[in-house]
Amino acid sequence: MSGDHSDAAIARRVRRLETLLEEKGVLSGAQLDEIIDASRSGASPAHGARVVARAWLDPAFRSRLLADGTAAVRELGYMEGSYQRLRVVENTKSVHNVIVCTLCSCYPLRLLGPSPSWYKSEAYRSRVVREPRAVLAEFGLELPPATEITVWDSTAETRYMVLPRRPEGTEGLREEDLAALVTRNALIGTATV
């Protein structure tokens, strides 16, 4: 294998890639910094699941989460130093929420971990806006016809997370047991839990 694989050479290539991403308007320097910081800080969907479990158990926290998601998740130690606003949208019996980023793949990385490949795909990004019910059905999520589906489009400034409905029969579970029920797909809205 040929080529310079020294730390200095790798650092130059990484910096060049960062520069190109900034010049082309794909990501800003602040966005790149956040992605790198989040990956180093153990970004994980387990964080989002803990937020949901707390909201299911603590009505006051749930109210704060829905009013100001950024401040509420910071109470739990998540999103420190993040420049984005987090908006949490709640699923109810009559409304189901799903998240997309139609321009790229903006996503609350610190709370949901690395985004799945399907979230970044052109097919998901374009179709979930036009035909959300059909896309959700492809994920195995069949919603009643009367259920309203609301699609939220993330931006560089505002990220979204879904607060799924608490499953029936979970009244006696502890916070960590509830968190174990929550999947990343539920936090995006392509699953119920």
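- With Asp153 contributing its side chain and Thr102 its backbone, the two residues share a donor-acceptor pair below 3.5 Å.
- Separation of atoms CD (Glu171) and CH2 (Trp56) is listed at 11.5 Å; rounding is to 0.5 Å.
- In terms of modelled atom types and a separation under 3.5 Å, the side chain of Arg125 and the main chain of Val100 share no donor-acceptor contact.
- For the atom pair OG1 (Thr150) and OH (Tyr160), the distance works out to 11.0 Å, reported to the nearest 0.5 Å.
- Minimum heavy-atom separation, Cys106 to Ala156: SG-N, 3.7 Å.
- For Arg130, there are no side chain to side chain donor-acceptor pair (under 3.5 Å) partners two or more places apart in sequence or in a different chain.
- In this structure, Arg110 and Val73 have side chains that are not in contact, with every pair of non-hydrogen atoms separated by 4.5 Å or more.
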Applying side chain to side chain contact (heavy atoms under 4.5 Å, CB included), run through Trp118 and Asn185 and close with a yes or a no.
CA-CA 11 Å; Trp118 56 261; Asn185 283 12; 3.4 Å; yes
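- By the 30° and 60° cut-offs, the orientation of the rings of Phe139 relative to Tyr124 is perpendicular.
- Across His47 and Tyr78, no two heavy atoms sit closer than the pair ND1-CE2, 3.0 Å.
- Linking Ile, Leu, Val, Met, Phe, Trp and Tyr whenever their side-chain heavy atoms come within less than 4.5 Å puts Leu143 and Ile188 in one cluster.
- Note: the hydrophobic cluster containing Val162 does not contain Val95 (ILVMFWY, side chain heavy atoms under 4.5 Å, direct or indirect links).
- Nearest heavy atoms, Arg133 versus Pro144: NH1-O, 3.2 Å.
- Closest non-hydrogen pair, Tyr107 versus Arg159, comes out as O-NH1, 2.7 Å.
- From Leu178, atom CG reaches atom CZ of Arg50 across 13.0 Å, with rounding to the nearest 0.5 Å.
- Looking at every heavy atom in both residues, Leu173 comes nearest to Leu57 through O-CD2, 4.2 Å.
- Minimum heavy-atom separation, Leu187 to Leu111: CD1-O, 4.3 Å.
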Verdict with reasoning, Lys93 to Arg165, per side chain to side chain contact (heavy atoms under 4.5 Å, CB included):
CA-CA 8 Å; Lys93 283 186 174 192; Arg165 290 179 57 208; 3.3 Å; yes
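- Thr70 places a side-chain N or O within 3.5 Å of a backbone atom of Leu86 that can act as its donor or acceptor partner.
- A distance of 10.0 Å separates CD of Glu22 from CG of Leu17, quoted to the nearest 0.5 Å.
- Screening Val89, Asn91, Thr92, Leu66 for a side-chain contact (heavy atoms from CB on, under 4.5 Å) involving Leu163 leaves a single residue, Leu66.
- Under the side chain to side chain donor-acceptor pair (under 3.5 Å) criterion, Arg127 pairs with Glu131, Glu138, not counting sequence neighbours.
- No chain of hydrophobic side-chain contacts below 4.5 Å, direct or via other Ile, Leu, Val, Met, Phe, Trp or Tyr residues, connects Leu21 to Leu103.
- Between Glu175 and Arg54 there is a salt bridge, since a side-chain N of the basic residue sits under 4.0 Å from a carboxylate O of the acidic one.
- Formation of a donor-acceptor pair under 3.5 Å by the Thr190 side chain with backbone atoms of Leu136 is not found in this model.
- Each salt bridge (Lys or Arg N to Asp or Glu O under 4.0 Å) pair with one or both residues in residues 56-69, not counting sequence neighbours, appears once here: Arg62-Glu90, Arg64-Glu75.
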